[in-house]
Amino acid sequence: MLWVKSFHIVFVASWFAGLFYLPRIFVNLAMVPPESVAERERLLQMARKLMRFTTLLMVPAVALGLWLWLGYGIGKGPGNGWMHAKLFVVLLVLGYHHGCGVLLKRFSAGANRRGHVWFRWFNEIPVVLLLIAVVLVVVKPF
């Protein structure tokens with residue numbers, strides 16, 4: 001079980017690293033002047049590659065987490081309300097990940113409607129979600 005838990009932590013940390021950096025690329029994309037085609041294309045290529053890699057990291061992170069929960073019973077039974085809250089946070093993170101994909105498609109299509117300030121705030125969401133998840137797992141407040 002400790003091996004599964006260790007790899008889960010590594011893949012979650014790596015997945016979040018991608019979720020921290022991808023919106024930073026969006027900030028830069030939102031600031032690219034319309035005449036800077038090469039810069040826009042370079043940033044789009046970086047964002048696409050990072051999105052693919054981040055998605056690849058997400059799969060084992062979620063699979064290993066499910067293994068810990070369903071296979072080893074971590075968070076099952078009475079007194080484990082923290083796990084229900086954590087699973088909700090995981091769903092929010094998955095939604096955020098999907099939202100990044102939608103935003104990337106809009107950038108690729110030249111249909112972005114958001115400014116760089118919006119993306120700077122959007123970039124803070126995974127920090128808050130990670131903080132909540134870690135507190136739930138470590139402190140187990142309920």
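Note that the structure is a prediction, hence the values are computed from the model and not measured. As a basis for the values below, the full set of heavy atoms in this structure was taken, side chains included, without hydrogen atoms, waters or symmetry mates.
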Peer 1: Applying the side-chain contact (heavy atoms from CB on, under 4.5 Å) criterion to Leu92, which one of Leu129, Val128, Leu87 satisfies it?
Peer 2: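 So, applying the side-chain contact (heavy atoms from CB on, under 4.5 Å) to Leu92 and each of Leu129, Val128, Leu87, only Leu129 qualifies.
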Peer 1: Give a yes or no on whether Trp67 and Leu70 share a hydrophobic cluster (residues Ile, Leu, Val, Met, Phe, Trp, Tyr; joining criterion: side-chain heavy atoms under 4.5 Å apart).
Peer 2: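 They do share one cluster, since a chain of ILVMFWY contacts under 4.5 Å joins Trp67 to Leu70.
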Peer 1: Applying side chain to side chain contact (heavy atoms under 4.5 Å, CB included), run through Trp15 and Val62 and close with a yes or a no.
Peer 2: CA-CA 10 Å; Trp15 176 26; Val62 172; 4.3 Å; yes
Peer 1: Within the supplied structure, the quantity of interest is the number of heavy atoms (other residues, nucleotides, ligands) at a distance under 6.0 Å from Trp118 CH2; does it exceed 12?
Peer 2: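 Enclosed.
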Peer 1: Distance from Glu41 atom CD to Ser36 atom OG, nearest 0.5 Å?
Peer 2: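 Interatomic distance, Glu41 CD to Ser36 OG, rounded to 0.5 Å: 11.5 Å.
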Peer 1: Test side-chain hydrogen bond (donor to acceptor under 3.5 Å, both in side chains) on Trp121 and Asn123 and set out the steps.
Peer 2: CA-CA 5 Å; Trp121 284 103; Asn123 190 39; over 6 Å; no
Peer 1: Do Ile132 and Val134 land in one hydrophobic cluster if side-chain heavy atoms of ILVMFWY residues count as linked below 4.5 Å?
Peer 2: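 Linked within one cluster.
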Peer 1: Sub-3.5 Å donor-acceptor pair from the side chain of Tyr96 to the main-chain atoms of Phe122, do we have one?
Peer 2: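 It does hold such a pair.
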Peer 1: Verify whether the ring centers belonging to Phe26 and Phe107 lie closer than 6.0 Å.
Peer 2: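 Between Phe107 and Phe26, which both carry aromatic rings, the centre distance is below 6.0 Å.
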Peer 1: Is any side-chain heavy atom of Pro126 closer than 4.5 Å to one of Val93?
Peer 2: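 Val93 vs Pro126: side chains apart.
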Peer 1: What distance separates Lys5 NZ from Trp3 CH2, expressed to the nearest 0.5 Å?
Peer 2: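 Going from the NZ atom of Lys5 to the CH2 atom of Trp3 covers 14.5 Å.
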Peer 1: Would you compute the distance between atom CG of Leu57 and atom CG of Leu50 and round it to the nearest 0.5 angstrom?
Peer 2: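 Answer rounded to 0.5 Å: 9.0 Å.
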Peer 1: Checking Ser14 side chain against Val10 main chain: does a donor-acceptor pair fall under 3.5 Å?
Peer 2: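 Indeed, once roles are kept as given, a pair shorter than 3.5 Å links the two residues.
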Peer 1: Show your working on side-chain hydrogen bond (donor to acceptor under 3.5 Å, both in side chains) between Thr54 and His97 and close with a plain yes or no.
Peer 2: CA-CA 9 Å; Thr54 302; His97 184 110; over 6 Å; no
Peer 1: Taking atom OG of Ser108 and atom CZ of Arg40, what is their separation to the nearest 0.5 Å?
Peer 2: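 One gets 7.0 Å once the value is rounded to the nearest 0.5 Å.
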Peer 1: Please determine whether the number of non-hydrogen atoms from other residues, nucleotides or ligands lying under 6.0 Å from atom CZ of Phe20 exceeds 12.
Peer 2: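 Yes, enclosed.
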Peer 1: Hey, is NZ on Lys140 packed in by over 12 heavy atoms from elsewhere, all under 6.0 Å?
Peer 2: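 Yes, the 6.0 Å shell around NZ holds more than 12 heavy atoms from other groups.
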Peer 1: Looking only at heavy atoms, what is the nearest atom pair of Ala30 and Asn112, with distance?
Peer 2: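 Smallest heavy-atom distance, with atoms named: CB-ND2, 4.3 Å.
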Peer 1: Is it true that, when you exclude Phe142 itself, more than 12 heavy atoms of the residues, nucleotides or ligands shown sit nearer than 6.0 Å to its CZ?
Peer 2: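 Yes.
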Peer 1: Got a second to check how far Ile25's CD1 is from Cys100's SG, nearest 0.5 Å?
Peer 2: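 Those atoms lie 10.5 Å apart.
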Peer 1: Same cluster or not: Ile125 versus Leu29, using hydrophobic residues (I, L, V, M, F, W, Y) connected whenever any side-chain heavy atoms lie under 4.5 Å apart?
Peer 2: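 Per the 4.5 Å side-chain linkage, Ile125 and Leu29 are co-clustered.
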Peer 1: Working note: Asn28 + Met46, criterion side chain to side chain contact (heavy atoms under 4.5 Å, CB included); need CA distance, chi angles, decisive distance, verdict.
Peer 2: CA-CA 11 Å; Asn28 291 313; Met46 288 171 58; over 6 Å; no
Peer 1: What closest approach, in Å, do Gly18 and Pro23 show between heavy atoms, and which atom pair accounts for it?
Peer 2: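 Looking at all heavy atoms of both residues, the closest pair is O-CD, 4.4 Å.
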Peer 1: Take atom CH2 of Trp69 as the centre, draw a 6.0 Å sphere, and report whether it contains more than 12 heavy atoms from other residues, nucleotides or ligands.
Peer 2: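 Counting neighbours around CH2 of Trp69, 12 or fewer heavy atoms of other residues, nucleotides or ligands fall under 6.0 Å, so no.
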Peer 1: Using the rule that Ile, Leu, Val, Met, Phe, Trp and Tyr join whenever any side-chain heavy atoms are under 4.5 Å apart, tell me whether Trp82 and Val138 fall into a single cluster.
Peer 2: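 Yes; Val138 is reachable from Trp82 via cluster members.
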Peer 1: His8 side chain to Ala61 main-chain N or O, any donor-acceptor pair under 3.5 Å?
Peer 2: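 Yes: the side chain of His8 pairs with the backbone of Ala61.
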Peer 1: Is it true that, when you exclude Phe7 itself, more than 12 heavy atoms of the residues, nucleotides or ligands shown sit nearer than 6.0 Å to its CZ?
Peer 2: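 No, not enclosed.
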Peer 1: Would Val137 end up clustered with Val139 when hydrophobic side chains under 4.5 Å apart are linked, directly or stepwise?
Peer 2: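 No, separate clusters.
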Peer 1: How close do Gly77 and Asn80 get, heavy atom to heavy atom, and via which atoms?
Peer 2: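 Closest approach of Gly77 to Asn80: O-ND2, 3.4 Å.
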Peer 1: Drop me the distance from Lys86's NZ to Met83's CE, to the nearest 0.5 angstrom.
Peer 2: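 Rounded to the nearest 0.5 Å, the NZ-CE separation comes to 5.0 Å.
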Peer 1: Would you check, one step at a time, whether the test side chain to side chain contact (heavy atoms under 4.5 Å, CB included) holds for Leu103 with Phe119?
Peer 2: CA-CA 10 Å; Leu103 291 167; Phe119 286 105; 3.9 Å; yes
